[in-house]
Amino acid sequence: MSQASRSAEPAAGTPDLVTMMVAISERKDRAAFSQLFEHFAPRVKAYLMRHGANNETAEELAQETLLRVWRKAHLFDPAVAAPSTWIFRIARNLRIDRIRRERRPEFDPEDPALVREADPAADHQIQTNQEGARVRAAIDLLPPDQKKAIMLSFFEDKPHSEIADELGLPLGTVKSRIRLAFARVRQTLGDER
Amino acid sequence: MNARHHPTDDLLLEYGAGNTNEAQSLLIATHLAFCPRCRGIVEKAETLGGALIDATPSAAMSADALQGVLDRLDEPDDAIAFGDATSAPLVAGTDTSIPRPLRDYLAHGSAESVSWRRVAPGIHRHTLAMNAGDSASSAYLLKLAPETVVPHHGHHGEEMTLVLEGGFTDGGKHFIRGDVELADPAVDHQPVIHADGPCLALIVTDAPLRFSGLIPRLLQPILDR
């Protein structure tokens, strides 16, 4: 990835989510938070409804997600993750906690037991707003059957075998479509494999 | 040294999407602490998740939703959700050689202080309690003496083993700290513990083990408990 693409301005009309997040993170900027809320809360609500939450629960958990974004904003680092990646993690974990009522084990970046990458620069792929846009573009270019399979994998709390039943396809076909879609995204994000 | 045997990319994607069950997530998260390669793959899955949320048709929020949240911004934050990377202070006796996600499931943060039950010569077992009474899968630790030959067994479902200490050889492959062995129903396997020390491993199964010999079959009720 070149420096030039990393520092490029966001496309006209695209809300600059990184700028909003940084304003919230550094200055507790309520106006920026309001903008971020207007952008993400309805999307997070839709995500939760796809996972089986009713209107009321999805509304409440979407508000809770954005409240956590505000409270954890000091941990946001634009060099490490795009705002959408960060908010996805919060929404996903809240869904597992409140809808599925399970714990969500995660590794702790501060853990003394953590094995770090020998080359620290490689431990984190730099992910910016532009990379989020590139992944969205890559998704748009996927063949419709791959796009549908990957959407179902992220938006319905179902194992691949149930997705296969739902689409009336053999499990192997569904798995390979999901694999191909993910491979394309990894390529977009500069995966060398 | 970095791990050489990993969970499948399919499973890492499912973990990133939030579709794995608690026991599977525990094993994968513990492996991630050992493995920068797999952390990178999960991060890409999460970037994909973020992009999908961003691209998804939205569901309208109620008219007063934003104001309701703005009014709550100054409330004190007393709830620390499980899974937050907020490091809790380490209690005395904590074994920091065991990565955090697993440590959180052990009383006093150490594999030494939990209750071990002998299930066969050279094999001790400690079952981990999952929050959800998830009967479809289970997670347990095994402590195995050097040179123990684990009874020949196949599986009804899938089994994953993560090595935490020591190592074993199975089917000509060596598994050491941080490595994950995946066994599926088609594989009849017989791990042999390395001679240089005891082996501590985390095992997650989505169905009970099935042993093939007569003596091992007598062990079955004990291992299933």
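Convention: sequence-line order gives letters A, B, ...; per-chain numbering from 1.
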Turns out that what part of A:Ile96 lies under 4.5 Å from chain B's heavy atoms comes down to side chain
- Under-4.0 Å salt bridge between B:Asp74 and A:Lys28: no
Applying a strict 4.5 Å limit to non-hydrogen atoms, the region of A:Glu156 in contact with chain B is backbone
Rounded to the nearest 0.5 Å, the CD atom of A:Glu102 sits from the CG atom of B:Asn21 at a distance of 6.0 Å
Bottom line for B:Ile98: the part with an atom under 4.5 Å from chain A's heavy atoms is backbone
Would the distance check show the side chain of A:Arg92 and the main-chain N or O of B:Glu46 forming a donor-acceptor pair, the cut-off being under 3.5 Å?
no
query: Do the side chain of A:Lys45 and the main chain of B:Ala60 share a donor and acceptor less than 3.5 angstrom apart?
result: yes
Greatest number of non-hydrogen atom pairs under 4.5 angstrom with chain A, of B:Ala59, B:Ser97, B:Ala65, falls to B:Ala59
Closest non-hydrogen atoms of B:Thr56 and A:Phe155, given as atom of the first, atom of the second and distance, are OG1-CE2, 3.9 Å
Interatomic distance, CG@B:Leu13 vs CZ@A:Phe182, rounded to 0.5 Å, equals 5.0 Å
d(B:Ser25 OG, A:Arg104 CZ) to nearest 0.5 Å is 5.0 Å
Looking only at A:Ala138, A:Ala91, A:Ala46, the option with the highest number of non-hydrogen pairs under 4.5 Å against chain B is A:Ala46
The single option from A:Ile150, A:Thr188, A:Leu189 that satisfies side-chain contact (heavy atoms from CB on, under 4.5 Å) with B:Leu48 is A:Ile150
Nearest heavy-atom contact between B:Pro101 and A:Pro105 is CB-CB, 4.2 Å
Of all heavy-atom pairs linking A:Arg100 and B:Asn19, the shortest is NH2-CA, 3.8 Å
N-O pairing of A:Arg103 and B:Asp104 below 4.0 Å
no
Here the gap from A:Glu60 atom CD to B:Ser62 atom OG, rounded to the nearest 0.5 Å, amounts to 11.5 Å
ask   = With the threshold set at 4.0 Å, does a side-chain nitrogen-carboxylate oxygen contact exist between A:Glu117 and B:Arg39?
value = no
When rounded to the nearest 0.5 Å, the distance separating CZ of A:Phe40 from CG of B:Asp54 is 4.5 Å
Stepwise side chain to side chain contact (heavy atoms under 4.5 Å, CB included) check, B:Leu66 with A:Glu38 | CA-CA 8 Å; B:Leu66 173 59; A:Glu38 301 286 9; 3.4 Å; yes
Counting heavy-atom pairs under 4.5 angstrom with chain A, the leader among B:Leu52, B:Leu26, B:Leu27 is B:Leu52
Okay, A:Arg43 and chain B: the region with an atom under 4.5 Å from a heavy atom over there is both
request  = May I ask you to say whether B:Arg100 pairs ionically with A:Asp111, meaning some side-chain N is under 4.0 Å from a carboxylate O?
outcome  = no
Chain A shares the most heavy-atom pairs under 4.5 Å, among B:Leu102, B:Leu32, B:Ile53, with B:Ile53
Among B:His31, B:Glu75, B:Glu14, B:Arg72, the residue with the most heavy-atom pairs under 4.5 Å to chain A is B:Glu14
Note: A:Ala113 and B:Pro99 closest approach over all heavy atoms is CB-CA, 3.8 Å
If you tally heavy-atom pairs under 4.5 Å between each of A:Leu48, A:Asp140, A:Val185, A:Ile139 and chain B, the highest tally belongs to A:Ile139
